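Both counts, for ligands and for their atoms, begin at 1 and track the order of listing. Nothing here was measured: the structure is a model prediction, and the numbers come from that model.
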Amino acid sequence: MTYHIAVLSGDGIGPEIVAQAQRVLVAVGEKYSLEFELTPALVGGIAYDATGHPLPPETLELCKNSDAVLLGAVGGPKWDNVHPATLRPEVGALLPLRRELGLFANLRPATLFPALASVSSLRADIVGGGLDLLVVRELTGGIYFGKPKGRSEDGQTATDTCVYSRHEIERIAVVGFEAARKRGGNLCSVDKANVLETSRLWREVVVEVSARYPDVALSHMLVDNCAMQLVRNPAQFDVIVTENMFGDILSDEASMLTGSLGMLPSASLGSRETAGGRGTFGLYEPIHGSAPDIAGKGVANPLATILSCALLLRHSLGEEVAAVAIETAVSKVLTEGARTADIAGDGSAPISTTAMGDLVLAALS
Ligand code: IPM
Ligand code: MG
């Protein structure tokens, strides 16, 4: 069976990091006799420049016909003032991709590789014991997409609307409970139920779903408290499930506890089964952005994108052994001291994007 993967490198450091991730995919393919068809397509600013739209219809079509999508990053200062703003890469490509592909569940693991404890922004006595939490973020609802949205006629008032239906809350809650069941058995649902009606519905539905998961310990936390607890005592968390915007903010915070945004992968999953029914269609990308300041210099950390390939193998293709092989290889090169500039905080000499790719390949073989 051939796995069809759409490869959307995007802007900034996107092409550099995706190139390394592709090498790794090809290598695990050879090692475990997996056949990949990797098809590149335009997305983001580069697509806007070439076609006038950051998400050309043929790119969307390709994604819909694939088992999974590997994405680099989109956006950059060149396109910050594109008019109308709905054609900016972030809102014109990323959000419609999520929405059109039905990718409602965003998994953002924040794992501290022990070798990197010294680059965490927290003291060693707080993160030294290790950190392994998962943020499950609802990705296609809430204030990002709710209507009405926009400006009043005189331009003096702006509106964004937060909307959630029971159905949207229920399906993301299920993802949270399933993840917690496979991990440490603890699910923390984060909301703002003391103020928001959407949060009160959220809590109600999460409690209902919890009846199906007697083996998972459910707790609730208000989002402001959660932001504080993440820096006070992050080890208390196993799985956090939360709505779109809270998840956006908390996942950035959680990721920095691990030392670098450059390390963290993400998976955005829908409900369609992939070829052979072995997994769920999804989009995989590093959680960091296009980092225009370092683009083209060959210094970006490719590990988040490489680790995103591991998530792709696990969640969309059901190839767990190959997924673990990538994660083990990354862990090995870090333990042996390989550092790109973003994680070289302990004084070791940084290596290039390609050199990091070379080392992961070597560790795989
Ligand atoms: C993310 C990003 C996006 C989001 C932006 C670029 C639209 O911050 O993936 O976390 O807010 O979802
Ligand atoms: Mg974000």
Work out which heavy atom in P77 is nearest to a heavy atom in P292; give both atom names and the distance.
CD-CG, 3.4 Å
Sub-4.0 Å heavy-atom approach of R108 to ligand 1
yes
shortest atom 5 (C) of ligand 1-to-protein heavy-atom contact is with L94 CD2, 4.4 Å
Specify the protein heavy atom at minimum distance from atom 6 (C) of ligand 1: its residue, its atom name, and the distance to 0.1 Å.
E90 CG, 3.7 Å
Spacing of I287 atom CD1 and D252 atom CG [to the nearest 0.5 Å]:
5.5 Å
Top protein contact for atom 4 (C) of ligand 1, by heavy-atom distance
Y144 OH, 3.5 Å
of all protein heavy atoms, closest to atom 2 (C) of ligand 1 is D248 OD1, 4.0 Å
Taking the non-hydrogen atoms of R137, is any one of them nearer than 4.0 angstrom to ligand 1?
yes
If the test is side-chain contact (heavy atoms from CB on, under 4.5 Å), which one of V69, L71, L139, L107 qualifies with S268?
L139
Aromatic rings H315 and Y284: how do their planes relate, parallel, tilted or perpendicular, breaks at 30° and 60°?
parallel
For ligand 1, which is the ligand I care about here, please tell me if R98 has any N or O atom under 3.5 Å from one of the ligand's N or O atoms.
yes
Might you work through the side-chain contact (heavy atoms from CB on, under 4.5 Å) test for E16 and K297, ending with a clear yes or no?
CA-CA 9 Å; E16 300 162 57; K297 297 189 178 152; 5.7 Å; no
Look at atom CG of L42 and say whether more than 12 heavy atoms of other residues, nucleotides or ligands are closer to it than 6.0 Å.
yes
Can you name the N/O/S atom of D248 that is nearest the Mg ion (ligand 2)?
OD1
